[in-house]
Amino acid sequence: MTAVGIDAMEIWTGKLKLDLAETFAAEKGEDPEKYTKGLGLFASSFPDAHEDIVTMGANAAHRLMERKGLTPADIGRIDVATESAFDNSKPVSTYIAGCLEQVYEEDFHHANKGERKFACIAGTQSLDDAYNWIRAGRNRGRSALVVATDTALYARGDPGEATQGAGAVAMLVTEDPDLVELSTEQGYGSADETDFLKPNQQFPSVDGKRSMQVYLARMREALEDFESVAGDTHPDDFAFIPYHTPFPGMVRKAGLLGYRHMIRCTEVEDELADEIGRQPREEEFDDREAYEEAIRGYMDDLKSTDQYREWYAEVVEPTLSISREVGNWYTGSVHIARAAALQYAAEEDRDVTGDRLLVGSYGSGAQAEIHAETIQEGWREEVDALNVDEQIRNRYDISFEEYEQVHDRHNHDKSIELAAFTEPDGEFVFAGRGAMDERTYDYVE
Ligand code: COA
């Protein structure tokens, strides 16, 4: 069977940076370590005055098409995953296609376009849709363009304000991919939850603490479902485990939970037994509460073992390097975690061709998906082509006062004129509203 998966990706960060320790914590009068150590975040990316989900998505897609030498005729499908859409009818993919058509002679009139919504998991769902479309033989030799783009803004003063971010990830899904092969091995954990939602409003209603519990519960359910298809997992099975990363501190919790699950009934659990005992088994307890308390105690001990710490440093920590500089990109978050891991492998000069990734995606509301991917031979060239570190370094560092203006500028209920802080250069920009209140875009050479 021909491999199908992600052939290439490009990342576009919002061009502004809010330093959480220096600027945000200082203004709030809080200990900077709450952000850098507790949440694990150093900075957030924000869109400049001329940027939005369309420009960031179109700019990422344009870079991708240029680098891979593609024209619109090569693309049979454009799916945009977002939870920051500004239109309940016209999908963001049409705006992005419209932007790209300004710079290509051909058009996308024969490409199927859509928009995927399920909080932060929609980017992964769009990859699944693209995979299924190609596997079904409906692609006519063409590739799918998947764009995950979000401006993750919270209401001012919301606890989520520290985890904001903005950026886009464009991914090309093809046969014989250069980056990773997707597999049919998937597991889901899905339930009707009200942890985070935007009932026709721009900024989310969030029960932050509950959303963390729901993330972990659904992720565990998805792992069990994955194992029912793929067989038991073991910590040594995967080179990296990129998780959805609303903030790195969340992944710290997910990593520990995953490790505990994976070592159950393995030689690792046996080896650790002298030091911290064996994992509590539910049947050994009279009630659920007592069992859960015992599990929490075991996890506390597990966290400090050398085995766990070494595994986490090698398999999970490398996935967080981009996230801690840019914040939450919602639909793009798990995909920048994959990119960060592969960048780390390249920096370490490791040959990871043929190694596997376990990818843990999550969307509030709520659903988790766990799936496996296999790293392909062309990964190194693809990763070396990314310029995300340069983009991160080049962001304009905003003051708190500028942050307040930027937040207002992107607030749909406000109409604020604001001069851009950065000079557009070879990119799409927001150019104002048209006669039907549609958003319009220009390409600036
Ligand atoms: N030094 C070191 N760590 C510190 C600290 C300090 N001075 N102050 C706080 N911390 C730690 C806390 O102990 C906590 O870590 P822990 O959970 O491991 O104990 C972490 O920093 C966060 O602090 P907390 O007081 O819980 O933050 P908060 O109440 O402001 O909100 C969220 C945290 C995640 C609830 C909030 O950011 C939010 O609502 N985010 C949006 C929703 C979200 O992303 N959910 C995730 C699932 S999708």
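In listed order, ligands and their atoms are each counted from 1.
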Any Tyr35 heavy atom less than 4.0 Å from ligand 1: no

Interfacing atoms of ligand 1 (cut-off 4.0 Å, heavy-atom, Asp31): 6 (C), 7 (N)

Ligand 1 N/O within reach of Tyr215 N/O, cut-off under 3.5 Å: no

Tyr154: numbered ligand 1 atoms lying under 4.0 Å from its heavy atoms: 41 (C)

Ligand-residue contact atoms, ligand 1 with Val206, heavy atoms, under 4.0 Å: 42 (C)

Close-contact set for ligand 1 against Phe247 heavy atoms, below 4.0 Å: 34 (C), 44 (O), 46 (C)

Protein contact of atom 30 (O) of ligand 1 - nearest heavy atom, named by residue and atom, plus distance: Lys34 NZ, 2.8 Å

Atom CZ of Arg220: over 12 foreign heavy atoms under 6.0 Å: no

Side chain proximity check, Ile53 to Val92, heavy atoms < 4.5 angstrom: yes

Enclosure of Glu267 CD (heavy-atom neighbours >12, cutoff 6.0 Å): yes

Exercise: do Trp12 and Glu51 side chains pair donor with acceptor under 3.5 Å: yes

Lys253 near ligand 1 by a heavy-atom separation under 4.0 Å: yes

Passing option when Phe24 is tested against Phe42, Phe46, Tyr35 for ring pair (Phe, Tyr, Trp, His ring centres under 6.0 Å): Tyr35

Sub-4.0 Å protein heavy atom next to atom 28 (P) of ligand 1: yes

Winner among Ala25, Pro246, Ser333, Ser364 once heavy atoms are compared against atom 44 (O) of ligand 1: Pro246

Within reach of ligand 1, part of Phe196 (heavy-atom separation under 4.0 Å): neither

Nearest neighbour of atom 20 (C) of ligand 1 from the list Pro204, Gly38, Pro32, on a heavy-atom basis: Gly38

Identity and distance of the protein heavy atom lying nearest atom 22 (C) of ligand 1: Leu39 CD2, 3.9 Å

Which of the ligand 1 atoms, numbered from 1, are nearer than 4.0 Å to a heavy atom of Thr163: 37 (O)

Tyr95-Phe428 aromatic ring centre distance below 6.0 Å: no

Minimum side-chain heavy-atom gap His407-Leu153 below 4.5 Å: yes

Atom 2 (C) of ligand 1 [closest protein heavy-atom partner, distance rounded to 0.1 Å]: Glu33 O, 3.5 Å

Proximity of Tyr308 and Tyr259 rings by center, below 6.0 Å: yes

Stacked cation flag Lys17 on Tyr396, 6.0 angstrom / 45 deg: no

For the student: nearest non-hydrogen atoms of Lys113 and Ala97, plus distance: CE-CB, 3.6 Å

Protein non-hydrogen atom found under 4.0 Å from atom 36 (C) of ligand 1: yes

Sub-4.0 Å protein heavy atom near atom 41 (C) of ligand 1: yes

Under 3.5 Å: N/O of Ser211 near N/O of ligand 1: yes

Minimum heavy-atom distance Cys265-Arg281, with the two atoms named: SG-NH2, 3.4 Å

contact_flag Tyr362 ligand 1 heavy-atom lt 4.0 Å: yes

Which of the ligand 1 atoms, numbered from 1, are nearer than 4.0 Å to a heavy atom of Gly208: 35 (C), 39 (O)

All salt bridge (Lys or Arg N to Asp or Glu O under 4.0 Å) counterparts of Glu275, not counting sequence neighbours: none

For Met212, the ligand 1 atoms whose distance to one of its heavy atoms is below 4.0 Å: 34 (C)

Cation-pi check, Arg439 onto Phe430 ring (under 6.0 Å, within 45° of axis): yes

Any N/O pair Asp158/ligand 1 closer than 3.5 Å: no

Non-hydrogen protein atom less than 4.0 angstrom from atom 47 (C) of ligand 1: yes

Heteroatom distance test (Pro159, ligand 1): nitrogen or oxygen, under 3.5 angstrom: yes

Check: Ser44 side chain, Gly165 main-chain N or O, donor-acceptor pair, under 3.5 Å: no

For atom 24 (P) of ligand 1, the protein heavy atom that lies nearest, with its residue and separation: Lys209 NZ, 4.0 Å

Heavy atoms of other groups near Arg309 CZ, more than 12 under 6.0 Å: no

